[in-house]
Q: 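Take this structure first; my questions come after.
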Amino acid sequence: MRKYTLLAAFACLLAIAPMSRADDALYKSLGGKKAITAVVDDFVGRVAADDRINSFFKATAGDPARLAKFKKNLVDQICEAAGGPCKYKGKDMKTAHAGMGISSGDFDALVQDLVAALDKFMVKDGDKQALLGVLGPMKKDIVEK
Ligand code: HEM
């Protein structure tokens, strides 16, 4: 009897293991937290240099502690969304961007900067689409005009 219980437990493990692997497939394919941090660093640099939208980030860029926290939040958010072991502890997207008056064009400009950063690190097309597929639906909570 005990033998069968063990066998059943083992069979369950075999069934679950591939599932949990699939859940963090995007995180692993992106290269884990280190690679995500490199992309976020580059991305934030691009946003800061992007005259279309950098006015939104004046206060953030001018305060190193605030900038570091913003970057950490972005890394955690992307890491968690990709199925990684991080936990995003920042505000929800609606609260975080409330009252900023972000337009659809502003949103698209920021996504272009993210795509440029992903391209720089030669992130695979499929991974890029998967990540944008997670971030895209946030547009409705971020854009106000
Ligand atoms: C998919 C698109 C976006 C994502 C995933 C995103 C993500 C975030 C996150 C995680 C935070 C930090 C929230 C917190 O402090 O708790 C944040 C803050 C902020 N976001 Fe966004 N955002 C997006 C689009 C935009 C756009 C389009 C703009 C403006 C053009 C923008 C401007 C800002 C600003 C100014 C802050 C405050 C930064 C600070 O704390 O100093 N975001 N965003």
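As the structure lists them, so they are numbered: ligands from 1, and atoms in each ligand from 1.
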Q: Output, in order, the C-alpha distance, side-chain angles, deciding distance and verdict of salt bridge (Lys or Arg N to Asp or Glu O under 4.0 Å) for Lys89 and Asp76.
A: CA-CA 8 Å; Lys89 296 196 181 92; Asp76 285 343; 6.0 Å; no
Q: Find all atoms of ligand 1 within a distance of less than 4.0 Å from any non-hydrogen atom belonging to Gly90, and give their numbers and elements.
A: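 What qualifies from ligand 1 is 16 (O).
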Q: I want to check something: taking the side chain as every heavy atom from C-beta on, are Phe57 and Leu110 in contact at a cut-off of under 4.5 Å?
A: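 Yes; the side chains approach each other to less than 4.5 Å.
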Q: Tell me: protein heavy atom nearest atom 40 (O) of ligand 1, and distance?
A: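 Going by distance alone, atom 40 (O) of ligand 1 is nearest to Arg66 NE, 3.8 Å.
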Q: What heavy-atom pair brings Asp113 and Ile53 nearest, and what distance separates the two atoms?
A: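 Heavy atoms only, the tightest pair is OD2-CD1, 3.6 Å.
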Q: Tell me, which protein N/O/S atoms are under 2.8 Å away from atom 21 (Fe) of ligand 1?
A: His97 NE2
Q: Is Leu135 reachable from Ile36 through a run of I, L, V, M, F, W or Y residues, each pair having side-chain heavy atoms under 4.5 Å apart?
A: yes
Q: With a 4.0 Å heavy-atom cut-off (strictly under), which part of Lys91 contacts ligand 1: side chain, backbone, both or neither?
A: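 Both of them.
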Q: State whether the number of non-hydrogen atoms from other residues, nucleotides or ligands found under 6.0 Å of Lys72 atom NZ is greater than 12.
A: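 Result for NZ/Lys72: open.
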Q: Let me confirm one number: the OG-CG distance from Ser55 to Asp106, rounded to the nearest 0.5 Å.
A: 7.5 Å
Q: Could you tell me whether the side chains of Arg52 and Gln112 share a donor-acceptor contact shorter than 3.5 Å?
A: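 Yes, a side-chain donor-acceptor pair sits under 3.5 Å.
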Q: If hydrophobic clusters are built by linking Ile, Leu, Val, Met, Phe, Trp and Tyr wherever their side-chain heavy atoms come under 4.5 Å apart, do Phe43 and Leu67 end up in the same one?
A: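 In one cluster with Phe43: Leu67, yes.
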Q: If you measure from atom 10 (C) of ligand 1 to every heavy atom of Tyr88, Phe70, Phe107, Phe57, which option wins on shortest distance?
A: Tyr88
Q: In terms of hydrophobic clusters joined by side-chain contacts under 4.5 Å, are Val40 and Tyr88 together?
A: yes
Q: Considering only non-hydrogen protein atoms, determine which one is nearest to atom 5 (C) of ligand 1 and report residue, atom name and distance to 0.1 Å.
A: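 Of the protein heavy atoms, Gln77 OE1, 3.3 Å lies nearest.
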Q: For atom 38 (C) of ligand 1, find the nearest protein heavy atom and state the residue, atom name and distance (0.1 Å precision).
A: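 Going atom by atom, the protein heavy atom closest to atom 38 (C) of ligand 1 ends up being Thr60 OG1, 3.5 Å.
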Q: Among all the protein's non-hydrogen atoms, which is closest to atom 15 (O) of ligand 1, and how far away is it?
A: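 Here the nearest protein heavy atom works out to Asn73 ND2, 3.5 Å.
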Q: Does a side chain donor of either Thr37 or Lys71 reach within less than 3.5 Å of an acceptor in the other side chain?
A: no
Q: Considering only non-hydrogen protein atoms, determine which one is nearest to atom 30 (C) of ligand 1 and report residue, atom name and distance to 0.1 Å.
A: Phe56 CD1, 3.6 Å
Q: Is ligand 1 less than 4.0 angstrom away from at least one heavy atom of Met100?
A: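 In this structure, Met100 qualifies as a contact of ligand 1 - some heavy atom is under 4.0 Å.
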